[in-house]
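Remarks on the structure that follows.
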Amino acid sequence: MIIELDDGADERLADYTRLTDVALRRRLETRRGLYMAESSKVITRAVAAGHAPRSFLMAPRHLDEMRPVIASATGCAGRDDGGDVPVFVAPEEVLESITGFHLHRGALAAMNRPELASVPELLSAARGGAGARRVAILEDLVDHTNVGAAFRSAAALGIDAVLVTPRCADPLYRRSVRVSMGTVFQVLWTRIERWPAMDELHAQGFTVAALALSENSVALDELAASPVCTDPGSQVAVVLGKEGDGLSHRTIAEADEVVRIPMAGAVDSLNVAAAAAVAFWALRLP
């Protein structure tokens with residue numbers, strides 16, 4: 001239903017005005033909490049991934065543009081007015097008072113968080129059911145910008161799935177989603193319940209490569225040219241560590257391969273988001 005508002009303090013806008021990202025995750029009225037999708041592009045990708053909206057919020061000038069997206073969203077019954085899902089429409093100045101910035105990218109949506117698959121389910125479902133062959137594991141990243149950038153690189157460079165460790169930042173935090181340009185909805189991902197979990201990855205057929213500075217490391221291009229990556233049906237999971245400290249000693253010790261990116265110019269390492277892009281490109285499938 002389309003609901004026109006002229007007051008940013010309206011109680012019906014509580015999801016947008018009163019809740020931090022942490023509070024959204026714990027929203028009691030929903031089974032798994034909420035997350036916020038910002039911009040028409042991000043909302044379109046979230047809806048295409050099957051995520052169900054709790055409500056939409058936009059300026060009048062964006063309503064016609066968003067109608068096809070609204071109609072295709074889960075729970076909207078094919079109706080471009082949202083059906084039972086509220087579509088809040090408010091003047092630009094009201095939206096700016098709510099969000100604190102000019103809403104120039106079209107719209108906001110409060111989205112219901114989907115249920116995450118188990119690691120075996122996720123890896124088996126990748127590549128249209130053929131199973132994942134290139135996987136990224138984000139170990140304890142704390143910067144949501146880096147998480148979003150890693151997802152964007154994963155989508156662009158052919159990573160089949162992303163696994164995030166228990167202490168890794170939330171891929172559905174609004175900054176992660178925004179930096180990823182909505183690609184967090186394109187790449188299959190889930191959260192690992194325990195880590196390290198090399199046995200679970202080995203059971204799925206993966207060689208685990210830890211990206212780290214180590215005396216026994218091999219160059220990334222050497223690994224990419226080896227049978228680990230070139231054999232038909234090869235399956236590789238590359239692990240990237242948190243900002244500053246990098247990977248844990250246990251992860252490095254338990255990995256099948258320890259890999260480094262060759263450096264020049266007296267530089268010893270890259271930002272984790274940049275390192276992810278380099279590793280994904282080097283290990284991509286033909």
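Within the 3.5 Å criterion, the main-chain N or O of Trp281 finds a donor-acceptor partner in the side chain of Arg284. Counting only distance, with no hydrogens or angles, the side chain of Thr44 and the backbone of Ser40 share a donor-acceptor pair below 3.5 Å. In this structure, Ser153 contributes its side chain and Ala150 its backbone to no donor-acceptor pair below 3.5 Å.
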Legend entry - Asp140 vs Leu247, side-chain contact (heavy atoms from CB on, under 4.5 Å): CA-CA, chis, key distance, verdict: CA-CA 9 Å; Asp140 299 353; Leu247 292 174; over 6 Å; no

Inset, instruction - Before giving the answer on side-chain contact (heavy atoms from CB on, under 4.5 Å), spell out for Arg67 and Ile2 the whole-Å C-alpha distance, their side-chain angles and the decisive distance to 0.1 Å. - result: CA-CA 11 Å; Arg67 282 184 183 276; Ile2 294 175; 3.6 Å; yes

Inset, instruction - Begin from the C-alpha positions of Arg134 and Asp160 and carry the test salt bridge (charged side-chain N to carboxylate O under 4.0 Å, His left out) through to its verdict. - result: CA-CA 5 Å; Arg134 295 294 183 268; Asp160 298 318; over 6 Å; no

Legend entry - Trace of the ring pair (Phe, Tyr, Trp, His ring centres under 6.0 Å) decision for Phe151 with Tyr173: CA-CA 13 Å; Phe151 267 86; Tyr173 185 90; over 10 Å; no

Compile the donor-acceptor pairs under 3.5 Å between side chains in residues 222-233 and protein atoms, sequence neighbours left out, one pair per line.
residue: Ser226; atom: OG; partner: Leu223; partner atom: O; Å: 2.7
residue: Ser226; atom: OG; partner: Val228; partner atom: N; Å: 3.4
residue: Thr230; atom: OG1; partner: Ser226; partner atom: O; Å: 3.0

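Summarising the geometry, atom CZ belonging to Arg127 is positioned 11.5 Å from atom CG belonging to Leu188; distances are rounded to the nearest 0.5 Å. In this structure, CG in Asp15 is found 11.5 Å from CG in Leu108, a value given to the nearest 0.5 Å. Atoms SG and CG, from Cys168 and Leu138 in turn, are 5.0 Å apart once rounded to the nearest 0.5 Å. Rounding to the nearest 0.5 Å places CG of Leu123 at 7.0 Å from CG of Leu201. How far CZ of Arg174 is from NE2 of His144: 11.0 Å, rounded to the nearest 0.5 Å. Between atom OG of residue Ser180 and atom CZ of residue Phe185 there is a gap of 6.5 Å, rounded to the nearest 0.5 Å.
For the pair Arg260/Ser214, no side-chain contact is recorded, criterion being any heavy-atom separation below 4.5 Å from C-beta on. For the pair Val258/Val218, no side-chain contact is recorded, criterion being any heavy-atom separation below 4.5 Å from C-beta on. Side chains of Met198 and Asp256 form no contact here, defined as non-hydrogen atoms less than 4.5 Å apart. You'll find the side chain of Arg61 stays beyond 4.5 Å of the side chain of Val89, heavy atoms only. Looking only at side-chain heavy atoms (C-beta outward), Asp143 and Val147 stay at 4.5 Å or farther from each other. For the pair Arg133/Leu285, a side-chain contact is recorded, criterion being any heavy-atom separation below 4.5 Å from C-beta on. Side-chain contact between Val208 and Val239 is present, with at least one heavy-atom pair separated by less than 4.5 Å. Taking 4.5 Å as the limit, some side-chain heavy atom of Leu13 sits within range of a side-chain heavy atom of Leu5.
The pair Asp199-Arg194 meets the salt-bridge criterion, with a side-chain N (NZ, NE, NH1 or NH2) lying under 4.0 Å from an Asp/Glu carboxylate O. The residues Arg12 and Asp7 are annotated as not salt-bridged, no charged nitrogen and carboxylate oxygen being separated by less than 4.0 angstrom.
Under the side chain to side chain donor-acceptor pair (under 3.5 Å) criterion, the residue pairs touching residues 235-248 are Asn146-Glu243, Ser248-Thr251, with sequence neighbours excluded.
The side-chain contact (heavy atoms from CB on, under 4.5 Å) check on Met263 picks up Ile261, Val267, Leu270, with sequence neighbours excluded. Annotation: ring pair (Phe, Tyr, Trp, His ring centres under 6.0 Å) contacts of Phe56 (sequence neighbours excluded): none. Glu4 meets the salt bridge (Lys or Arg N to Asp or Glu O under 4.0 Å) test with no other residue; sequence neighbours excluded. Among residues two or more places apart in sequence or in another chain, the salt bridge (Lys or Arg N to Asp or Glu O under 4.0 Å) test is passed with Arg175 by none.
The aromatic rings of Tyr16 and Phe88 stand perpendicular to each other, their planes meeting at an angle above 60°, with 30° marking the opposite boundary.
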